[in-house]
Amino acid sequence: MSSLSSIETIDIGNDCFSDVTSEVRLNHFPELISMKIGHRSFYNEDNPDVITKVFQMYNNSKLVSIEIGEYSFSKYANSFTLMKLPSLQSLIIGSIENESNNFMNVPSFSISSINETIIYNDF
């Protein structure tokens, strides 16, 4: 995706990328303003295996909002990292109304170099 450096919005729908077992790194998108991932994306309900991979967003200076739907990344089990996102104002992971299980196998998460207060729902 490095050829898409001028992209402003990433919007991934529900039930997408169920067979992706690689790391998700969204780094160095200087124009990215919002990133939304729907429900059950990067998640394969039929595969019982936990995937030892990372989710990382790094050095996206204009990024204002991140929204990740229920169950997305439920089987990722290495790390969750948000770093150098100085414009971030909103981080929504899962939902308050339903069990979400986002990143439920990740032993720790890191959020650093962010100037705004972040409220997270369900991990």
Side-chain angles (χ1 to χ4, degrees):
M1 288 181 57
S2 61
S3 64
L4 303 173
S5 62
S6 63
I7 196 164
E8 294 180 0
T9 301
I10 296 174
D11 192 349
I12 297 171
N14 297 331
D15 302 302
C16 294
F17 301 108
S18 63
D19 293 326
V20 171
T21 57
S22 62
E23 299 177 343
V24 176
R25 296 177 189 263
L26 298 166
N27 303 330
H28 305 289
F29 288 90
E31 302 303 318
L32 185 63
I33 296 170
S34 70
M35 195 274 304
K36 181 177 180 180
I37 297 174
H39 307 301
R40 295 173 309 279
S41 291
F42 300 92
Y43 168 73
N44 186 337
E45 186 174 9
D46 298 329
N47 185 349
D49 297 334
V50 172
I51 304 165
T52 308
K53 297 298 178 189
V54 304
F55 173 85
Q56 178 185 74
M57 293 199 75
Y58 176 87
N59 202 21
N60 298 304
S61 61
K62 292 184 179 179
L63 186 66
V64 173
S65 67
I66 300 170
E67 184 174 343
I68 301 173
E70 298 165 0
Y71 288 96
S72 291
F73 301 102
S74 291
K75 295 186 179 180
Y76 275 47
N78 190 331
S79 68
F80 171 87
T81 303
L82 301 178
M83 188 166 41
K84 294 186 179 179
L85 306 173
S87 300
L88 191 65
Q89 295 177 14
S90 174
L91 172 61
I92 299 171
I93 300 174
S95 94
I96 294 173
E97 295 85 24
N98 300 308
E99 183 176 321
S100 297
N101 295 328
N102 303 86
F103 303 101
M104 66 186 256
N105 293 295
V106 172
S108 64
F109 64 97
S110 173
I111 300 175
S112 61
S113 300
I114 297 173
N115 294 330
E116 299 292 330
T117 301
I118 305 255
I119 299 171
Y120 60 91
N121 288 336
D122 185 270
F123 244 44

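Quick caveat: nothing in here was measured; it's all calculated off a predicted structure. This chain uses plain numbering: 1 for the first residue, then up along the sequence.
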| task | Give a yes or no on whether the ring-centroid distance for F103 and Y76 is below 6.0 angstrom. | result |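 Aromatic pair excluded; centres sit 6.0 Å or further apart.
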| query | What do you reckon, are the aromatic ring centroids of H28 and Y58 less than 6.0 Å apart? | reply |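 Judged by ring-centre distance (under 6.0 Å), H28 and Y58 do meet the cut-off.
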Under the 3.5 angstrom rule, does the side chain of [X] hit a backbone N or O of [Y] as a donor-acceptor pair?
| X | Y | result |
| --- | --- | --- |
| S100 | N98 | yes |
| N105 | S74 | yes |
| K53 | V24 | no |
| S72 | G38 | yes |
| D15 | S41 | no |
| N60 | L26 | yes |
| S87 | S61 | yes |

| field | Cluster check V20, F73: I/L/V/M/F/W/Y, side chain < 4.5 angstrom | value |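 Looking at the clustering, F73 is in the same group as V20.
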| query | Honestly curious: do I93 and M83 fall in one hydrophobic cluster under the side-chain, below-4.5 Å linking rule? | reply |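 In one cluster: no.
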| Exercise: identify the closest heavy-atom pair between L82 and L85 |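 Reported closest heavy-atom pair: CB-CD1, 3.9 Å.
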| task | Looking only at non-hydrogen atoms, find the nearest pair between N78 and P107 and report the distance. | result |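 That would be O-CD, 3.5 Å.
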| task | Start with the C-alpha distance between E70 and S95, add both sets of side-chain angles, then the distance that settles side chain to side chain donor-acceptor pair (under 3.5 Å), and finish with yes or no. | result | CA-CA 6 Å; E70 298 165 0; S95 94; 2.7 Å; yes
| Separation of L88 CG from I111 CD1 (nearest 0.5 Å) |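 It is 8.5 Å, given to the nearest 0.5 Å.
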| said: Within this structure, what is the CG-OH distance for the pair N101 and Y43, rounded to the nearest 0.5 Å? | reply: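 Rounded to the nearest 0.5 Å, the CG-OH separation comes out at 7.5 Å.
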